[in-house]
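Basis for what follows: all heavy atoms, side chains included, without hydrogens, waters or symmetry-related copies. Throughout, protein chains are lettered first and strands after them, A, B, ... in sequence-line order, and every chain is numbered starting at 1. These numbers come from a predicted model, not from an experiment.
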Number of protein chains: 2
Amino acid sequence: MSKCLSCSQAGKGAFCKFGPQSRAFLQSNSVKTDYVRGASFFREGDRSNAIFLVCSGKVKVSATSREGRVMILRIAQAGDVLGMSAALTQSDYEVTAEALEPCSVLVLPTRHLMTMLQNFGDASLAAANVLAEDYRAAFDEARLVSLPSSPAGRVARLILDWAQDAKSRSNPFITMSMTHEELASMTATTRETITRTLGRLRKEKIIETHGVVLKVLQPQALERLCAC
Amino acid sequence: MSKCLSCSQAGKGAFCKFGPQSRAFLQSNSVKTDYVRGASFFREGDRSNAIFLVCSGKVKVSATSREGRVMILRIAQAGDVLGMSAALTQSDYEVTAEALEPCSVLVLPTRHLMTMLQNFGDASLAAANVLAEDYRAAFDEARLVSLPSSPAGRVARLILDWAQDAKSRSNPFITMSMTHEELASMTATTRETITRTLGRLRKEKIIETHGVVLKVLQPQALERLCAC
DNA sequence: CGATTTAGGTGATGGCCATCACCCGATCGA
DNA sequence: TCGATCGGGTGATGGCCATCACCTAAATCG
């Protein structure tokens, strides 16, 4: 695997696998930028003017209602690209992207993105793959929130998703580095319900927690709860 | 606007605006297929092997939980393309596509899609736009279900979205050609709640219905209800 | 170090809505 | 023409969970 020049990592992201031409174009037309924890790349409703290639750090992607209710769509990491949909359709950003950790990012202005897509076939395909990932994240979120019939079920579903993810990395433990508040935003419920639901799952020996580490003891019980 | 050869319509969809080369390729490598009402193009979990260009008819795009709960993602129409994400990532279909009316469709096998994307720049861009639309549909659904705090709020939100849509076609009336059951599937609630909520909105003179035609009398009241 | 903020835990309460059950009218099919 | 099916309407009920309120411990910070 070739290295992603800008990240100096073996990139897994769609934009890390460019050929020499598109890579050179990307390098000379994007600006490397650093964000401190809490800083926003862009906010919901802003006019879109660039896409953001995450080189390091974690990024919270969310949308907010006027009343202040927050929906967390996903947590983006190195290799992910943010703002592609808004840039392609030349519309406002539909989400807010905010650094959860200090982040290093390549910022590629929309006009250069367009040039790149028109000139380099591999870039077009990469853009399509980025959008396919964005779509899956949104679809999974919709599914997570729509299908289980209760908040408790959604929490169960979320834990199951994590478990599957951990399993795919052959790790029996889940590292849950999110606050109850954030979990509530991902499952369309409230902080108190998260606290109580996790407490109940612990008491019923369905899960086990040690600090941020979580272990699933009875996957079937979780599946029964979410029923999806 | 050039005609979409296969639909013989002035196409609005991304795949209706091809140049002569890609259009010819599409024509000679896809198969025109008709589906009767109720027939499935593909079902959730099927191995993906083609994309589907809707030429006429309406298509319900949905996902189902094991327990039978249904989430309707969107209703696709002429010009829309279905199955792009699964084809691009060479994975199983993540949704079920089902004809709500007799449908005429161009079916393009995945291998030909890949060839097309590699050879024609406009096709790659069109694919990216299709994915951007898919993403927006999923995002909007997630937002609709996540942000309003109650089922009644989600119904209000849905009606507001329709109203905006109707307004953009400068039409004061909304044609609601869906059953209460289907509305429930779009708002993650139950048929009874839909019936009762619509009844309440009627009684409070917030909306007015005559058969399938719906008119919003007090948009502000709806916004207060959904609070998003 | 004291003050403040943040994360998490918990009790009380009340309303909403999922569920079950049943009914009615319209449409359809044989 | 008559069941059968489907879409829609409605009552009763009970449980879940959103909301509010308050508390504790830990972290942060001046």
Side-chain angles (χ1 to χ4, degrees), chain A residues 36-38 60 65 67-72 98 100-101 145-158 175-204 207 209-214 224-228, chain B residues 36-38 60 65 67-72 98 100-101 145-158 175-204 207 209-214 224-228:
Chain A
V36 299
R37 181 184 141 78
K60 179 166 78 178
S65 76
E67 257 50 23
R69 186 175 281 262
V70 177
M71 163 180 80
I72 297 182
E98 185 187 339
L100 284 178
E101 308 171 349
V145 177
S146 291
L147 291 186
S149 47
S150 70
R154 293 197 285 275
V155 175
R157 173 80 262 160
L158 188 60
T175 334
M176 184 180 65
S177 55
M178 306 183 69
T179 69
H180 288 187
E181 191 87 47
E182 290 171 324
L183 295 181
S185 291
M186 298 182 69
T187 49
T189 180
T190 59
R191 180 190 64 81
E192 295 93 323
T193 297
I194 295 285
T195 301
R196 284 191 245 263
T197 303
L198 289 181
R200 187 157 67 85
L201 295 180
R202 265 194 301 266
K203 193 183 301 174
E204 294 177 6
I207 63 170
T209 57
H210 301 100
V212 296
V213 176
L214 186 151
R224 232 176 301 121
L225 263 177
C226 82
C228 72
Chain B
V36 299
R37 181 184 142 79
K60 179 165 76 177
S65 76
E67 255 51 22
R69 186 175 282 262
V70 177
M71 165 180 79
I72 297 182
E98 186 186 339
L100 285 178
E101 309 170 348
V145 177
S146 291
L147 291 185
S149 46
S150 68
R154 295 197 285 276
V155 175
R157 172 80 262 159
L158 187 61
T175 331
M176 184 179 66
S177 55
M178 306 182 68
T179 69
H180 289 187
E181 192 87 45
E182 290 170 325
L183 296 181
S185 291
M186 299 182 70
T187 49
T189 181
T190 59
R191 180 190 65 81
E192 295 92 324
T193 296
I194 294 286
T195 302
R196 283 191 247 263
T197 303
L198 289 182
R200 188 157 67 85
L201 295 180
R202 265 194 300 265
K203 195 182 300 176
E204 294 178 6
I207 63 171
T209 56
H210 299 101
V212 297
V213 177
L214 185 151
R224 233 177 300 121
L225 262 178
C226 82
C228 73

- Task: Would you tell me if any nitrogen or oxygen in the side chain of Ser150(A) comes within less than 4.0 Å of OP1 or OP2 on dC16(D)?
- Result: no

- Message: If I take atom CG in residue Leu201(B) and atom P in nucleotide dG8(D), what distance separates them, rounded to the nearest angstrom?
- Response: 16 Å

- Message: Using OP1 and OP2 only, check whether a side-chain N or O of Thr189(A) sits under 4.0 Å from dC17(D).
- Response: no

- Message: For dT19(D) and Thr190(A) - does any side-chain N or O of the residue sit under 4.0 Å from the phosphate oxygens OP1/OP2?
- Response: no

- Message: Would the distance check show the side chain of Arg191(A) and the main-chain N or O of His180(A) forming a donor-acceptor pair, the cut-off being under 3.5 Å?
- Response: no

- Item | Heavy-atom closest pair, residues Leu183(B) and Thr187(B) | O-OG1, 2.8 Å

- Quick one: on DNA chain D, does Ser149(B) or Thr179(B) contact a more 5' nucleotide (nearest heavy atom)? Thr179(B)

- Could you grab the distance from atom OG1 of Thr193(A) to atom CG of Leu198(A), nearest 0.5 Å is fine? 10.5 Å

- Arg200(A) CZ - dC16(D) P separation (whole Å): 8 Å

- Item | Arg196(B) CZ to dG7(D) P, straight-line distance once rounded to whole Å | 18 Å

- Query: What's the NE2-C1' distance between His180(B) and dG9(D), to the nearest Å?
  - Reply: 9 Å

- Query: Whole-Å distance between dA18(D) C1' and Arg191(A) CZ?
  - Reply: 12 Å

- Message: Just the rounded figure in Å: distance from C1' of dC16(C) to CD of Glu192(B).
- Response: 14 Å

- Is the shortest side-chain N to carboxylate O distance from Arg196(B) to Glu192(B) below 4.0 Å? no

- Item | Between P of dG8(C) and CE of Met178(A), the distance in whole Å | 11 Å

- When we call it a touch if two heavy atoms are under 4.0 Å apart, what does Arg154(B) touch: a base, just sugar-phosphate, or nothing? nothing

- Query: Which heavy atom in Ser149(B) sits nearest to a heavy atom in Arg69(A), and how many Å separate them?
  - Reply: CB-NH2, 3.1 Å

- Note on the structure: Winner on side-chain proximity to Thr195(A), out of dA18(C), dG9(D), dT10(C), is dT10(C)

- To the nearest angstrom, how far is Leu183(A) atom CG from dC17(D) atom C1'? 17 Å

